[in-house]
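Residue numbers begin at 1 in each chain, while the letters A, B, ... track the order of the sequences. All of these numbers come straight from a predicted model, not from anything done at the bench.
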Protein chains: 2
Amino acid sequence: MATVPTGRSRATIIDVAQAAGVSRQTVSNSLKHPERVRPDTLERVLAEIDRLDYTPSTAATSLRDQRAGAVGIELTGLGTTPSEALAPFLLGLAVHAPAHDCHIVTFATDADRPEPERYRSMWRSRLVDAFVMMDTHPDDPRPGWLRERRVPFASFGRVWDDPSFTAWADVDGRAGTSDAVDHLAARGYERIGWLGWPDGSAIGDERRSGWVDALERHGLDGPEARAEQDLVSAMAAAEGLVDSVGGGGAIVCTSDVLALGVHQVLLRRGLIPGRDVGIVGFDGSQTARTHGLTSVHQPYGAIADTLLTQVHDQLTDDELPSAGVMLAPELVPDASTERT
Amino acid sequence: MATVPTGRSRATIIDVAQAAGVSRQTVSNSLKHPERVRPDTLERVLAEIDRLDYTPSTAATSLRDQRAGAVGIELTGLGTTPSEALAPFLLGLAVHAPAHDCHIVTFATDADRPEPERYRSMWRSRLVDAFVMMDTHPDDPRPGWLRERRVPFASFGRVWDDPSFTAWADVDGRAGTSDAVDHLAARGYERIGWLGWPDGSAIGDERRSGWVDALERHGLDGPEARAEQDLVSAMAAAEGLVDSVGGGGAIVCTSDVLALGVHQVLLRRGLIPGRDVGIVGFDGSQTARTHGLTSVHQPYGAIADTLLTQVHDQLTDDELPSAGVMLAPELVPDASTERT
DNA sequence: CTGAAAGCGCTTACAG
DNA sequence: CTGAAAGCGCTTACAG
């Protein structure tokens with residue numbers, strides 16, 4: 001009778017077979033096809049599996065099944081500064097991976113711009129069956145490289161360069177800012193302005209359109225201003241905009257950083273965000289939480305889950321999803337839209 | 001003559017052997033023991049390896065070598081809010097992993113507190129050879145669980161519960177705040193105060209001691225105040241402290257959030273951070289970057305590299321490092337300590 | 001219902 | 001210097 005292995009050694013299928021007095025394949029059947037095993041045998045085998053704390057070796061099953069059971073994700077970021085979305089998105093992937101029968105392998109380079117080299121080595125060595133990608137940008141070489149080689153992958157964010165690519169999930173920015181306007185109107189803010197990025201960014205334009213739509217729906221009209229994605233630029237633009245909407249007005253912003261700019265301007269003027277002027281940001285970042293900014297939160301868990309599904313389907317059916325998936329973000333109220 | 005594989009199929013050692021007209025083991029030798037192969041043969045084999053884009057299969061080598069070549073890391077966080085250190089630390093791990101001949105596998109639960117269950121399943125299935133851990137806390141069940149089973153791991157942050165455990169790397173908080181005082185003194189700030197957490201936190205006390213030391217070294221004296229780790233508490237505490245240090249003074253803080261509290265109070269009073277009152281935060285977080293706060297940055301890359309070394313040594317020598325490693329953080333100046 | 005065999009891809013002693 | 005063999009742990013047809 002085998003004893004419980006101690007230290008670092010881990011039980012193999014042979015240990016279980018010997019302990020239960022059956023052959024290896026009966027152990028395997030007990031796990032994969034229990035109906036093929038006589039009940040009393042099954043019970044005995046499962047008891048030993050439990051006692052020996054046995055799980056099939058990943059390396060062996062992955063060699064045998066010709067699949068790694070892993071999805072790779074590149075950790076992108078400008079040098080040492082990762083994108084704010086990285087951590088919550090990774091957390092979403094890691095939480096949902098077991099339900100998709102896979103695990104998540106990370107990789108990164110210290111290169112400034114993403115390039116396909118590491119994808120190549122991960123793929124060549126069969127470390128992963130597929131990839132999940134974020135932060136794609138115009139002229140990103142990665143999607144094309146992967147598609148040429150028919151490597152399965154899915155993208156957080158549309159691949160704007162390639163409309164025929166449908167394995168993506170993205171956040172419906174239009175719905176998010178539209179919700180923001182509804183929220184502000186419901187709370188009784190009068191004039192609802194817009195602080196956005198300069199025209200021409202796909203994401204920024206989409207988010208602005210939600211504000212336009214909702215304003216029209218409510219029969220309202222509102223001032224707008226533009227700023228780059230940094231605090232100094234945001235504060236400069238916010239000055240005039242705060243004057244325009246005035247006390248009892250509110251401002252919807254393309255991002256939390258822009259929203260923070262509005263917040264800082266109010267603070268400097270001795271005004272109280274929420275009570276005097278409402279603010280809604282976008283992304284649900286740490287910045288929003290820290291400053292009590294109402295923000296449109298990205299549904300990271302749902303995005304991760306969708307992408308893993310799309311990747312799994314490609315692995316199974318060998319074809320792309322029929323269409324990308326737009327997910328509704330969620331407005332999370334905080335102090336910056338409290339009027340009391 | 002074999003052709004380049006297309007689509008998803010990837011070359012195996014047999015493809016290379018056939019293409020080069022040698023046996024499998026000669027291919028393997030060409031990679032692992034090139035000196036055993038005759039030069040002209042070697043050249044021919046390497047050419048085919050290159051042409052076919054061949055790399056040994058991870059699953060096969062890992063089965064054969066009885067090592068996964070992977071290190072697991074749990075993504076911790078309070079529900080959906082990951083710690084700010086998570087992303088840069090993971091990036092550090094991913095960047096340094098190849099130099100340690102391994103890759104990084106992530107996992108997570110949606111449980112509030114970390115528990116050993118997922119460590120158990122990762123370990124049982126031999127998916128990883130070792131773990132790296134962060135955010136350990138008093139009564140954390142994970143280090144004990146791993147040590148009992150002699151599972152190799154290393155911790156970002158000392159395991160305070162278990163001083164005999166030496167596989168850790170941590171940031172020298174004392175050195176960091178001491179540097180902060182030096183930096184402020186060099187820039188000519190007069191009174192240098194302290195805004196810290198309440199007494200009793202190991203990290204907070206250590207950081208404060210660096211301020212005490214440096215003040216003494218400079219023959220200075222300074223006021224101090226305490227606040228919890230949130231913006232509201234920080235702003236409340238900062239009010240009095242700003243009065244105490246006055247114009248031309250400066251404040252060293254236990255964290256970037258506390259530093260932000262000081263920053264916001266200055267803003268509200270119409271004072272300019274840096275010019276009127278200096279501020280130094282700690283952690284080098286996104287918050288610090290956004291607000292132009294000088295901060296003591298954690299050396300995430302060096303921490304990751306150290307932990308991977310410690311884990312690798314345990315795998316090789318089967319014993320713990322002789323001592324933990326304290327790494328010096330780096331003060332990164334920004335607008336909040338510019339006097340212009 | 002259960003067992004013996006083949007094979008996933010690789011590497012390292014071991015012969016030639 | 002090169003080749004045939006064994007074995008890492010597993011699973012799935014295939015016989016009994």
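Rounded to whole Å, the distance from CD1 on I13(B) to P on dA5(D) is 17 Å. A straight line from CZ of R124(A) to P of dG9(C) spans 16 Å, rounded to a whole angstrom. For the pair R126(B) CZ and dG9(D) C1', the interatomic distance rounds to 8 Å; values are reported in whole Å. Taking atom CD of residue Q66(A) and atom C1' of nucleotide dT11(D), one finds them 12 Å apart after rounding to whole Å. If you measure from atom CD1 of I14(A) to atom P of dT11(D), you get 12 Å, rounded to the nearest angstrom. One interatomic measurement links the two molecules: CZ of R10(B) to C1' of dC10(C), which rounds to 16 Å at whole-angstrom precision.
With the nearest nucleotide of DNA chain D identified for both D40(B) and A59(A), D40(B) has the one nearer the 5' end. In this structure, P39(B) and A60(B) both approach DNA chain D, and ranking their closest nucleotides by distance from the 5' end singles out P39(B).
A sub-4.0 Å separation between OP1 or OP2 of dG3(D) and a side-chain N or O of R24(B) is absent. The shortest distance between the side-chain N/O atoms of S57(B) and the OP1/OP2 oxygens of dC8(C) is not below 4.0 Å.
Both the sub-6.0 Å distance and the 45° axial angle are not jointly satisfied by R126(B) relative to the ring of W123(B).
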Find every protein N or O atom lying less than 3.5 Å from an N or O atom of nucleotides 12-16 of chain D, and list the pairs.
from    : atom 1 : to     : atom 2 : distance (Å)
dT12(D) : OP2    : H33(A) : NE2    : 3.4
dT12(D) : O4'    : R64(A) : NH1    : 3.3
dT12(D) : O4'    : R64(A) : NH2    : 3.1

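Here dG3(D) is the nucleotide among dC8(D), dG3(D), dA6(D) with the atom lying nearest to any side-chain atom of S23(B). Among dT11(D), dC10(C), dG3(D), the nucleotide with an atom closest to any side-chain atom of T61(A) is dT11(D). Checked against dC10(D), dG9(C), dG3(C), the side chain of V22(A) finds its nearest nucleotide in dG3(C). Distance from the side chain of T26(B) is smallest for dG3(D) among the nucleotides dC10(D), dG3(D), dG9(C).
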ask   = Between D140(B) and R142(B), does a salt bridge (Lys or Arg N to Asp or Glu O under 4.0 Å) hold up when you go through it step by step?
value = CA-CA 6 Å; D140(B) 193 329; R142(B) 301 172 301 163; 2.8 Å; yes
request  = Would you check, one step at a time, whether the test side chain to side chain donor-acceptor pair (under 3.5 Å) holds for H312(B) with D101(B)?
outcome  = CA-CA 9 Å; H312(B) 181 266; D101(B) 199 25; over 6 Å; no
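For R67(A) and D65(A), the salt-bridge test fails: no basic side-chain N is under 4.0 Å from an acidic carboxylate O. A salt bridge does not link D53(B) with R10(B): none of the charged nitrogens is closer than 4.0 Å to a carboxylate oxygen.
Here the two rings, on F107(A) and Y119(A), have centers that are under 6.0 Å apart.
Of all the heavy atoms in L31(B) and P34(B), the pair that sits closest is O-CD, 4.1 Å.
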Secondary-structure notation, DNA chain D, from Watson-Crick and G-U pairs under 3.5 angstrom (| other strand) = |||.||||||||.|||
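Of the N and O atoms on the side chains of Q25(B) and S23(B), at least one donor lies less than 3.5 Å from an acceptor on the other residue. Under 3.5 Å, the side chains of R147(B) and S164(B) contain a donor-acceptor pair of N or O atoms.
Between L307(B) and I303(B) the shortest side-chain heavy-atom distance falls below 4.5 Å.
Across all strands, S62(B) comes closer than 4.0 Å to no nucleic acid atom at all (heavy-atom distances).
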